[in-house]
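Inspection log for the structure reproduced underneath, given as structure tokens.
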Amino acid sequence: MRPDRRVEPVMADESVAVVGAGPVGLTVALALARQGVPVTVFEQDPELSTEWRASTFHPPSVEIARHLGVADAMIDAGLVAPRYQVRDRRDGLIAEFDFGALADETEYPYRLQLEQYKYTQIIRGVLEADHPDVTIRMGAPVTGLRDAGDHVELTAGDATATANWVLAADGASSTVRKSLGCPFEGLTYEHRYLVLSIDYPIDEVLPGICHVNYIADPAEHLLVLKVPDVWRVVVSVPPHVDAEDAVADEYVDARLHALFGDQPGLVLRERKTYAVHQRVVDSFRHGRVLLLGDAAHINSPMGGMGLNSGLHDAFDLSVQLTGFLAGTVDETALDLWATRRRKAAVETVQRITHRTTTALAEQDEQERRRFQRQISATAADPERAKAWMLDAAMISNARAYDLPPRGRG
């Protein structure tokens, strides 16, 4: 592995509590720890989650991982996906984009497919090996908190704790956000998604697909993508099918047969459903409590931007908070972070993911054909294709908000 330059630690006597040991919480813990900031992570579950969940890391997120010293481990464990396709269920391939066109823009011109639980395991391993000032308290759910002005009091499991700053990365159902009484406004899509993890060579059944495929269909749009261990198929479920019926054998078998025909050797490793939202908290900062990741914003998975934008929240916050603790910036840096990251969530991430979701699900035939012509023409024009991929790879997003720093960390 290539060594990263280590920075001198910040001499700080202020403690930071991170709520949630998911990818966002552990990322901000590692970023702070590398600057010498002592951190305690509170996680409600007794062990790190092993659910597969999100699995796409865009180039700016791998650049952040490089700065944190974990990019090589991620690449070794992950799957490089240099291309992605837009398809139509009836008409086949509409457009293909090659991230190789971004080689002059990033050291990582691809999507890195890696299950998020493997990422959290990598981060935790580094924390335990190299950062004794980080304490991870598993099985310690934060059930309440109070901002006392100069510190925050937390109730965690059967104990109480105090911290100078609390970073809430406890997911879409955030206890911290609810304790603060923050509005979490937005919309819920009518459809939900059924996620099927399949141990079978899907690329042999659907010849010509690549590792990431967005497939439009007015009745049942879907995403087919490869992760290191399995193929994952994300299928839209209409509103008249409830969550329990959507995971029943009859419904799942019908979906698999419609997609792949009769494949007796197909092994289904996982099935689950989830509702789809676009929501954002009123403010990412409430006094000494800062919200990030899914605790602050959630969006459609079409585009693979939710996890990545949370990692961007985390890294940016680590820079601002360590600067404040070191006395190199004043407290307004935290307010600017909160404003900047909320703007990124609303004006870029939600805009792009909503556009993708609605285009894939479009029912009006004229609009469907218009989208096909537009995306096909974009892919065929090198200049327009590159601009499209800069958005899709979240590079333009990251640059608009000065994240991450370019060059080696």
Side-chain angles (χ1 to χ4, degrees), residues 4-43 57 60-71 74 119-120 122-124 126-127 130-136 152 163-170 176 284-285 288-297 307-342 344-345 394 397-398 401-409:
D4 279 6
R5 180 176 63 84
R6 300 298 294 270
V7 297
E8 292 297 321
V10 173
M11 301 304 295
D13 59 2
E14 301 203 32
S15 61
V16 175
V18 173
V19 184
V24 174
L26 292 182
T27 295
V28 76
L30 177 57
L32 291 170
R34 283 173 59 88
Q35 301 295 328
V37 178
V39 178
T40 300
V41 180
F42 296 88
E43 169 55 44
F57 292 81
S61 299
V62 188
E63 291 172 5
I64 287 171
R66 179 193 63 208
H67 283 273
L68 299 182
V70 297
M74 291 171 62
Y119 174 77
T120 59
I122 290 169
I123 299 291
R124 182 176 183 175
V126 173
L127 287 171
D130 300 336
H131 298 285
D133 285 342
V134 175
T135 301
I136 301 176
V152 182
N164 292 89
W165 299 93
V166 172
L167 314 186
D170 52 339
V176 173
F284 284 27
R285 182 184 180 193
R288 288 183 173 266
V289 181
L290 302 113
L291 300 110
L292 59 163
D294 285 357
H297 53 91
L307 168 62
N308 289 269
S309 58
L311 300 181
H312 301 179
D313 295 343
F315 189 75
D316 191 356
L317 178 56
S318 74
V319 173
Q320 309 315 318
L321 187 55
T322 54
F324 172 69
L325 296 178
T328 58
V329 299
D330 63 29
E331 196 169 334
T332 59
L334 301 178
D335 294 320
L336 292 172
W337 167 85
T339 300
R340 179 168 61 249
R341 295 312 306 163
R342 191 179 190 278
M394 299 188 75
N397 179 318
Y401 302 103
D402 298 321
L403 183 80
R406 302 192 72 188
R408 297 206 57 78

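Throughout, residue positions are numbered sequentially from 1 according to the sequence presented. Bear in mind that the values here come from a model prediction, so they are computed numbers and not experimental data. Atoms considered below: every heavy atom in the structure, side chains included; atoms not considered: hydrogens, waters and symmetry mates.
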Can you name the nearest heavy-atom pair linking Ala168 to Ala295, along with the distance? O-CB, 3.6 Å

So which heavy atom on Leu307 is nearest to which on Pro23, and how close? CD1-CG, 3.5 Å

Phe42: partners by ring-ring contact (aromatic ring centres under 6.0 Å, His included), with sequence neighbours left out: none

Measure across Val70 and Ile123 and return the closest heavy-atom pair with its distance rounded to 0.1 Å. CG2-CD1, 4.0 Å

When rounded to the nearest 0.5 angstrom, what distance separates CD in Glu43 from CD1 in Ile136? 9.5 Å

Can you tell me how far apart CG (Asn164) and CZ (Arg288) are? Round to the nearest 0.5 Å. 5.5 Å

Nearest heavy-atom neighbours spanning Val24 and Ala169: CG1-CB, 4.0 Å

For Ala21 and Thr120, which heavy atoms make the closest approach, and how far apart are they? O-CG2, 4.5 Å

Residue pair Ser309, Met394: steps toward the side-chain contact (heavy atoms from CB on, under 4.5 Å) verdict: CA-CA 9 Å; Ser309 58; Met394 299 188 75; 4.2 Å; yes

Please name the pair of heavy atoms, one in Ala33 and one in Val134, separated by the smallest distance, quoted to 0.1 Å. CB-CG2, 3.4 Å

Residues in side chain to side chain contact (heavy atoms under 4.5 Å, CB included) with Thr135, at least two apart? Thr40, Arg137

Which pairs with one or both residues in residues 307-327 pass salt bridge (Lys or Arg N to Asp or Glu O under 4.0 Å), sequence neighbours excluded? Asp313-Arg341, Asp316-Arg340

Asp294: partners by side chain to side chain contact (heavy atoms under 4.5 Å, CB included), with sequence neighbours left out: Ala172, Ile298

Can you list every pair that meets salt bridge (Lys or Arg N to Asp or Glu O under 4.0 Å) and has a residue in residues 17-33, with sequence neighbours left out? none

Hey, could you give me the OG1/CG distance between Thr322 and Leu317, rounded to the nearest 0.5 Å? 9.0 Å

Kindly assign one of parallel, tilted or perpendicular to the pair Phe57 and Tyr119, based on the angle between their ring planes and the thresholds 30° and 60°. tilted

CG/Leu30 to CZ/Phe315 distance, rounded to the nearest 0.5 angstrom? 10.0 Å

Test Val39 against Leu127 for side-chain contact (heavy atoms from CB on, under 4.5 Å), laying out the working first. CA-CA 11 Å; Val39 178; Leu127 287 171; over 6 Å; no

Taking the six-membered ring where the residue is Trp, are the ring centres of Trp337 and Phe324 under 6.0 Å apart? no

Working to the nearest 0.5 Å, report the span between CG of Leu325 and CG of Leu32. 8.0 Å

Between the CD atom in Gln320 and the OG1 atom in Thr328, the distance rounded to the nearest 0.5 Å is 9.0 Å

Any pair counted as salt bridge (Lys or Arg N to Asp or Glu O under 4.0 Å), so long as it reaches residues 322-333, sequence neighbours left out: Arg285-Glu331

